[in-house]
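Working notes, beginning with the structure itself.
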Protein chains: 2
Amino acid sequence: MQVAPATLEPQTESLSALEVESIELFIGFFKLIGLQKSVGEIYGLLFVSSRALAMDDIMTRLGISLGAASQGLKVLRSVGAVKSVYMPGDRRDHYVADLELSKFATAFIQEELKPRLDRALERIGTMETLASEMAPEDRETAEERLERLKHWLERGESMLPWLLKFLVK
Amino acid sequence: MQVAPATLEPQTESLSALEVESIELFIGFFKLIGLQKSVGEIYGLLFVSSRALAMDDIMTRLGISLGAASQGLKVLRSVGAVKSVYMPGDRRDHYVADLELSKFATAFIQEELKPRLDRALERIGTMETLASEMAPEDRETAEERLERLKHWLERGESMLPWLLKFLVK
DNA sequence: CAAGGCCTTCAATAAAAAATGAAAACCCCG
DNA sequence: CGGGGTTTTCATTTTTTATTGAAGGCCTTG
């Protein structure tokens, strides 16, 4: 009968100091643009890896579950932050980090920021209608403020194309 | 003896359609820059209010707790999104929304984005040292990628002053 | 300087978000 | 097709984050 290992810890092959730094860096970054920890972990690991990793490697090295790895990779693929490469003689997908960092910013701007600005501007239209039906003294305040907010949002929106151009290469 | 009200619901004076729209709009916005729901609610309410509101009013109208109102106002004061005005004959503080919307963007950039970029650039310094001690084939990959990341971050950082100038007024 | 209204704090609770892993689906290749 | 390796899905559990409200501090006022 086989004896149990000396410790009860999950046997994650330990990460190098470089990997740890990279992972922490990208966790922080990705959180900022609304992506979760496990997504940042995976990208951080791949970023400093000189070879492509299979999902299995990722789970083991990071000590995360199968589901988390699968979902994390799905997100990373969807924003183009990761691509799979063919490995002869291995049926598993292997992933490498896409180094075009601007993709994250682009995805964030186009998928988070822009839609939110559009939605807000629509909503202001609704609010202008509602405000127009109010008692005069309240109406004036509301209309002035809505106008102001609208201007500011439009200004923000007008900046996005420029911002994109600046960030992409 | 006074009879109890007919319903058991908390007697939040109901919000107008305009207020609801405003609140939803700012909840969304504030979430984007990492502020919580109750903070957005309070600002949204104040934004369309033509008179200053006491903390008590805010709690009642929004149906949130004393603590949430207090903490929400604290956050809003700290980013300058709200200011208190003096109301003769009333000991309570009364709040109005500061309409300088750019303050939110500015606070976000200076208190969230900038520090994070600085921290990331520091970290890259550490990583470069770590990379230089690696085996040649891995070292080369790591160094190239770190260089690339560094460039991109520096580029981002260089954009911040411009962005601030654009957003403020 | 005491009483009471107003506000803040913070430990406890509730709500929301993320991670887990078993079950099902999806492939290849033979 | 059929078996087995690989991946996805999703109900459950865990973790994280936000909210609550009682206790206590701070003022103002009488």
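So that the names make sense, note that chain A is the first sequence line, chain B the second, and so on, each numbered from 1.
Note on the helix from C:dC1-D:dG30 to C:dG30-D:dC1: angle between the axes of the first and last five pairs equals 20°, rounded to 10 degrees.
The side-chain heavy atoms of A:Ile23 and A:Leu62, taken from C-beta on, include a pair separated by under 4.5 Å. Contact annotation: the side chain of A:Leu32 approaches that of B:Leu113 to within less than 4.5 Å [non-hydrogen atoms, C-beta and beyond]. Side-chain atoms of A:Glu133 and B:Leu18, non-hydrogen and from C-beta on, never get closer than 4.5 Å to each other.
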| message | The test is side-chain contact (heavy atoms from CB on, under 4.5 Å); show your working for B:Glu41 and B:Phe30 and say whether it passes. | response | CA-CA 9 Å; B:Glu41 286 180 294; B:Phe30 281 37; over 6 Å; no
| request: Run the numbers on B:Gln36 and B:Val75 for side-chain contact (heavy atoms from CB on, under 4.5 Å), then give the verdict. | output: CA-CA 10 Å; B:Gln36 62 213 58; B:Val75 171; over 6 Å; no
| query | Do A:Ser22 and B:Met127 pass the side-chain contact (heavy atoms from CB on, under 4.5 Å) test, and can you show the C-alpha distance, the side-chain angles, and the key distance before you say yes or no? | reply | CA-CA 8 Å; A:Ser22 177; B:Met127 290 168 77; 3.5 Å; yes
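For the pair A:Met59 CE and D:dG5 C1', the computed distance is 14 Å after rounding to whole Å. C:dC7 atom C1' lies 15 Å from atom CG of B:Asp57, rounded to whole Å.
Listed by chain and number, the residues in a salt bridge (Lys or Arg N to Asp or Glu O under 4.0 Å) with A:Glu140 amount to none (sequence neighbours excluded).
In this structure, B:Phe29 has its ring center no closer than 6.0 Å to that of B:Phe104.
For the contact set between residues 75-93 of chain B and DNA chain D, defined by any heavy atom under 4.0 Å, the members are B:Arg91.
Legend: salt bridge (charged side-chain N to carboxylate O under 4.0 Å, His left out) pairs involving residues 74-102 of chain A, not counting sequence neighbours, sorted by first then second residue: A:Asp56-A:Arg92, A:Asp90-A:Arg92, A:Asp98-A:Lys103, A:Glu100-B:Arg148.
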| task | Give the B/S/- string for nucleotides 12-26 of chain D, one per nucleotide from 5' to 3', where a protein heavy atom under 4.0 Å of the base yields B, of only the sugar-phosphate yields S, and otherwise -. | result | ------SSBBB----
Using residues 115-124 of chain A as the side-chain source, report each donor-acceptor pair under 3.5 Å to any protein atom, sequence neighbours left out, with the distance given to one decimal.
residue: A:Arg116; atom: NH1; partner: B:Gly28; partner atom: O; Å: 3.4
residue: A:Arg116; atom: NH2; partner: A:Glu112; partner atom: OE1; Å: 2.9
residue: A:Asp118; atom: OD2; partner: A:Lys114; partner atom: NZ; Å: 3.1
residue: A:Arg123; atom: NH1; partner: B:Glu21; partner atom: OE1; Å: 3.1
residue: A:Arg123; atom: NH1; partner: B:Glu24; partner atom: OE1; Å: 2.6

